[in-house]
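Written below as structure tokens is the structure these notes are about.
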Number of protein chains: 2
Amino acid sequence: MLRINRETDYATAILSLMAQEPDECYSAAWLSARRCLPAPVVSKILKQLVRAQLLVSHRGAKGGYSLARPAEEISIAAVINAIEGPIALTDCIEGGNSACQYSAHCAVSSNWSRINDVFQHALEAVSLKDMSEPLAAEHPGLRALGERVRSAVN
Amino acid sequence: MLRINRETDYATAILSLMAQEPDECYSAAWLSARRCLPAPVVSKILKQLVRAQLLVSHRGAKGGYSLARPAEEISIAAVINAIEGPIALTDCIEGGNSACQYSAHCAVSSNWSRINDVFQHALEAVSLKDMSEPLAAEHPGLRALGERVRSAVN
DNA sequence: CTTAAACCGTACCAAATTCGTACGGTTTCA
DNA sequence: TGAAACCGTACGAATTTGGTACGGTTTAAG
């Protein structure tokens with residue numbers, strides 16, 4: 001557990017495919033066939049990505065979807081945000097109604113919030129371009145991150 | 001979204017309370033009253049934590065629960081693991097059955113896996129002790145992490 | 001100017017998960 | 001012997017998730 005939902009996973013798969021030919025215009029049907037995902041689901045996801053301004057759509061025959069900006073400038077955090085809303089590890093963080101009366105004298109909530117921030121930044125540091133390349137194990141940001149976490153505390 | 005489940009949140013709240021007097025033996029009823037959480041839920045969580053060997057239980061009258069080891073040696077990753085199982089951001093990572101035929105030539109899955117590792121390490125780096133102290137914003141591991149992620153990629 | 005390819009939006013449904021409850025059993029202390 | 005506490009299983013309602021249906025609009029091509 002602690003997982004992103006399936007649609008977000010699909011979204012990154014679709015977007016990473018589009019990132020390979022960033023100026024192309026892709027139809028929902030083509031993407032669905034290419035990724036072996038149900039067409040209505042792909043459509044639904046694409047529409048959400050348009051609303052979040054990660055894609056632009058072109059209507060009519062020969063229409064389709066294309067990236068709204070270069071793949072380097074689209075972060076995984078933005079994709080998650082588009083599909084599932086703000087990253088919020090706990091109810092408390094999303095704040096609003098759910099009535100954590102304690103927050104003032106509750107160390108836990110502020111610490112979760114801190115962890116949440118770290119995750120957020122980490123995901124902002126990974127772009128669609130990174131995600132679409134096979135060897136992102138070498139991605140400098142992530143690699144450094146892994147090592148630093150290890151050494152920072154032990 | 002991208003959140004831990006509520007029980008995990010409760011678990012950290014309960015454990016951080018116990019971490020304040022680590023040698024004390026706490027009854028489920030007392031913890032539930034203190035955290036204003038429904039007693040059966042608290043019980044359920046405590047039992048899961050025993051099974052994961054983060055707590056030890058003492059049966060009978062005057063029984064209760066106490067930490068199985070020092071708060072410094074219990075990581076948040078371990079707590080998540082105890083309540084919701086292994087950290088697995090995507091279906092693909094949990095692997096097993098769910099048939100990602102592509103994994104061989106799918107850059108996305110390996111990259112999610114990499115991100116998953118980073119999160120795992122980050123959560124292993126935060127102990128229950130950190131979590132129970134109000135100013136973990138000053139926690140060296142996390143603080144450094146935040147800054148480093150920012151600078152590593154931009 | 002008609003047709004077909006494509007996107008658009010809303011609404012709906014079924015399955016899975018989550019959150020919480022219930023209840024009967026066992027161990028230990030006083 | 002009784003009360004306080006843990007133990008385990010199983011259940012059920014509510015939410016979330018994953019996916020479908022369908023009728024509408026826009027645009028290119030013949």
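Residue numbers begin at 1 in each chain, while the letters A, B, ... track the order of the sequences. Everything quoted here is computed from the prediction, not taken from an experiment.
- Contacts of Ala28(B) with the nucleic acid, taken as non-hydrogen atoms under 4.0 Å apart, involve only primed sugar atoms and P, OP1 or OP2.
- Contact of the Ile80(B) side chain with the Ile76(B) side chain is registered, since non-hydrogen atoms from C-beta on lie closer than 4.5 Å.
- Counting heavy atoms from C-beta outward, Arg35(B) and Ser16(B) have side chains that approach closer than 4.5 Å.
- Summary of the strand contacts: Tyr65(B) and Glu7(A) both lie near DNA chain D, and taking for each the nucleotide with the nearest heavy atom, the more 5' one is attributed to Tyr65(B).
- Not one N or O on the side chain of Asn5(A) forms a donor-acceptor pair closer than 3.5 Å with the backbone of Glu84(A).
- For Glu7(B), the salt bridge (charged side-chain N to carboxylate O under 4.0 Å, His left out) partners two or more places apart in sequence, or in a different chain, are Lys44(B).
- As rounded to whole Å, 12 Å separates atom C1' of dG20(C) from atom CG of Leu37(B).
- With rounding to whole Å, Asn5(A) atom CG is found 13 Å from dT17(C) atom C1'.
- When rounded to the nearest whole Å, the span between CG of Asp9(B) and P of dG20(C) equals 11 Å.
- Looking at the side chain of Arg59(B), the nearest of the listed nucleotides dT10(C), dC29(C), dT27(C) is dT27(C).
- Distance, Leu2(A) CG to dT17(C) P: 16 Å, rounded to whole Å.
- Taking the nucleotide of DNA chain C with the nearest heavy atom to each of Ala61(A) and Val50(A), the more 5' of the two is matched to Ala61(A).
- Atom C1' of nucleotide dT17(C) and atom CZ of Arg6(A) are separated by 13 Å, given to the nearest angstrom.
- The interatomic distance linking Glu84(B) (CD) with dT18(C) (P) rounds to 8 Å, in whole Å.
- Contact annotation: the side chain of Leu2(B) approaches that of Leu89(B) to within less than 4.5 Å [non-hydrogen atoms, C-beta and beyond].
- Contact annotation for Pro40(A): base contact, defined as any heavy-atom pair under 4.0 Å involving a base atom.
- Note on Tyr10(B): every side-chain N or O is 4.0 Å or more away from OP1 and OP2 of dC19(C).
- Among residues two or more places apart in sequence or in another chain, the salt bridge (charged side-chain N to carboxylate O under 4.0 Å, His left out) test is passed with Arg6(B) by Asp91(A).
- Where DNA chain D meets chain A (any atom under 4.0 Å from a heavy atom), the bounding nucleotides read 5' to 3' are dG18(D) to dA29(D).
- Between Gly60(B) and Lys47(A), the one whose closest nucleotide on DNA chain D sits nearer the 5' end is Gly60(B).
- For the residue pair Leu67(B) and Ala19(B), the shortest heavy atom distance occurs at CD1-CA, 4.0 Å.
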